[in-house]
Amino acid sequence: MTTEDTTSNVPSKRGSSALRMGPRKKASTSDPLISHGRHFGRTVFALCNYPSLLTNGILRLEQMEETPLEDFSADERREHRVFEQLLDSYPGLLERLKNGSEEEILHVGELIGKGAAGARGDDTKTLKSAVLDWISPKGDAIQPHLHRNSKIDRGFNHELTGSLLCPAGLDWNDPETKENLWSGEMLVCGDQWPIFLYAQYTYDPNDPWCGLLRSRLLVCAYKHVFTSPSSVEKEPKATRSGNARLHGMNCVTIASISYIATQVRFALSSSSVFSRTDTTTDSETFYHSLLDLLEDPEEYKEVDELLTWWNWQVFPTSSAAKRPVSANSALSKIRQKRLAVKQTSNLDVVSS
């Protein structure tokens with residue numbers, strides 16, 4: 001996503017959400033916060049106005065001395081969770097903010113925002129070309145040809161990218177649907193998720209969780225960004241310093257899946273500039289809608305299974321990649337015996 005809007009001006013009044021992209025502004029100096037911002041944007045919250053996030057967060061900490069967080073709005077609670085994750089991920093940041101001037105807080109936010117925007121721009125640039133390799137028919141070329149450095153013929157302008165971006169539940173093979181999407185008569189909102197999010201590009205309206213966010217295309221893009229471009233088709237070498245390794249990342253996060261899905265969606269689209277006002281891609285709504293689902297406590301079971309699946313795809317040697325215990329292993333026998341003892345004990349308690 002070529003970044004038109006990144007981070008900067010703090011709103012004059014509190015209440016403006018920091019979890020929306022701010023206007024563009026450059027931070028010129030180098031600082032470890034820039035590197036931290038690159039990883040934070042990819043893995044915790046991508047589309048964020050960091051100066052506002054910090055300013056609002058500090059003010060909210062003061063207000064929380066008298067008002068519990070539960071009394072704030074849902075948007076403010078989410079914003080504060082992101083603020084706390086930022087504080088936890090960078091030791092000494094809270095003290096720096098509390099002891100710093102308003103200008104210092106702005107500067108810190110701009111540095112973090114510069115890193116997040118830089119990473120987003122870098123990923124957009126490399127994925128624009130790489131995504132064509134992953135969607136090409138095996139052993140064949142894309143027809144009609146798609147240019148690597150231009151996106152004007154992508155989106156609903158092309159049969160292949162159009163079929164992948166077609167909202168789940170709609171039939172791309174229906175001439176009327178295809179015509180309406182191509183002409184723009186049918187406007188696709190960000191919360192209308194494309195079929196490429198689903199495994200085998202197959203959507204079951206009776207079980208919309210089935211295969212969601214498990215497509216090979218998403219896994220390829222995730223590995224490209226986090227473990228290295230060469231790891232897409234093979235296991236990454238231990239000596240390779242991919243983005244995940246550089247930041248000590250050994251498990252997938254909810255936000256990182258949403259980030260990659262947003263990047264791939266943009267790469268397939270015909271839009272050339274990532275913008276808050278771009279109603280064609282509506283990327284911010286798309287990103288937030290995925291987070292809304294994945295952060296919903298009611299969806300905990302499905303999300304936990306999804307994260308386990310993703311960790312197995314990307315970080316198979318990590319403890320986060322929970323493997324099923326082999327049926328005839330010693331470990332399985334021990335657990336079976338322990339379960340039998342516990343059940344017998346429970347029955348004894350009940351009978352007595």
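What's counted below: heavy atoms across the whole structure, side chains too, no hydrogens, waters or symmetry copies. Note that the structure is a prediction, hence the values are computed from the model and not measured.
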query = Does Arg60 count as lying over the ring of Phe83, i.e. NZ or CZ under 6.0 Å from the six-ring centre, within 45 degrees of the axis?
reply = no
query: Would Lys128 count as a cation-pi partner of Phe266, with NZ or CZ less than 6.0 Å from the six-membered ring centre and within 45° of the ring normal?
result: no
**Request:** Show the numbers, then the answer: is there a ring-ring contact (aromatic ring centres under 6.0 Å, His included) between Tyr203 and Trp193?
**Result:** CA-CA 11 Å; Tyr203 168 70; Trp193 295 339; 9.6 Å; no
Check: Side chains of Glu104 and Ser101: is there a donor and an acceptor less than 3.5 Å apart?
Finding: no
Handout entry: Side chains of Asp204 and Tyr198, donor plus acceptor under 3.5 Å
Key = no
* Asked: Are the charged groups of Asp123 and Arg42 less than 4.0 angstrom apart, N to O?
  -> yes
Given the options His158, His147, His145, Asp153 meets side-chain hydrogen bond (donor to acceptor under 3.5 Å, both in side chains) only with His147
- Expected output: side-chain Glu84 to main-chain Gly57 donor-acceptor under 3.5 Å: no
| query | Quick one: does Ser256's side chain have a donor or acceptor within less than 3.5 Å of a partner on Thr253's backbone? | reply | yes
Can you check side chain to side chain contact (heavy atoms under 4.5 Å, CB included) on Trp172 and Leu181, steps first, answer last?
CA-CA 9 Å; Trp172 174 253; Leu181 289 171; 3.9 Å; yes
I'd like to check Ser269 versus Lys151 (side-chain heavy atoms, cut-off strictly below 4.5 Å). Are they in contact? yes
Would you say [atom1] of [X] has more than 12 non-hydrogen atoms from neighbouring residues, nucleotides or ligands within 6.0 angstrom?
X: Asn149; atom1: CG; answer: no
X: Ile152; atom1: CD1; answer: no
X: Trp209; atom1: CH2; answer: yes

Query raised in the report: Is the gap between the ring centers of Phe45 and Tyr287 under 6.0 Å?
Result: yes
His247 vs His39 aromatic rings, parallel, tilted or perpendicular, using cut-offs 30° and 60°? parallel
By salt bridge (Lys or Arg N to Asp or Glu O under 4.0 Å), Lys301 pairs with (sequence neighbours left out) Glu305
Run Glu233 and Lys223 through salt bridge (charged side-chain N to carboxylate O under 4.0 Å, His left out) and show every step you take. CA-CA 9 Å; Glu233 300 299 337; Lys223 289 183 175 181; over 6 Å; no
Residues at least two apart in sequence or cross-chain that pass side-chain contact (heavy atoms from CB on, under 4.5 Å) with Arg77, listed by chain then number, are Leu69, Phe72, Ala74, Arg81
Might you work through the salt bridge (charged side-chain N to carboxylate O under 4.0 Å, His left out) test for Arg265 and Asp282, ending with a clear yes or no? CA-CA 10 Å; Arg265 182 173 176 269; Asp282 200 15; 5.8 Å; no
(request) Begin from the C-alpha positions of Asp122 and Arg38 and carry the test salt bridge (charged side-chain N to carboxylate O under 4.0 Å, His left out) through to its verdict. (result) CA-CA 10 Å; Asp122 290 346; Arg38 291 179 67 86; 2.9 Å; yes
Would His80 and Met64 satisfy side chain to side chain contact (heavy atoms under 4.5 Å, CB included), going step by step from the backbone distance to the final call?
CA-CA 11 Å; His80 199 72; Met64 286 170 60; 3.4 Å; yes
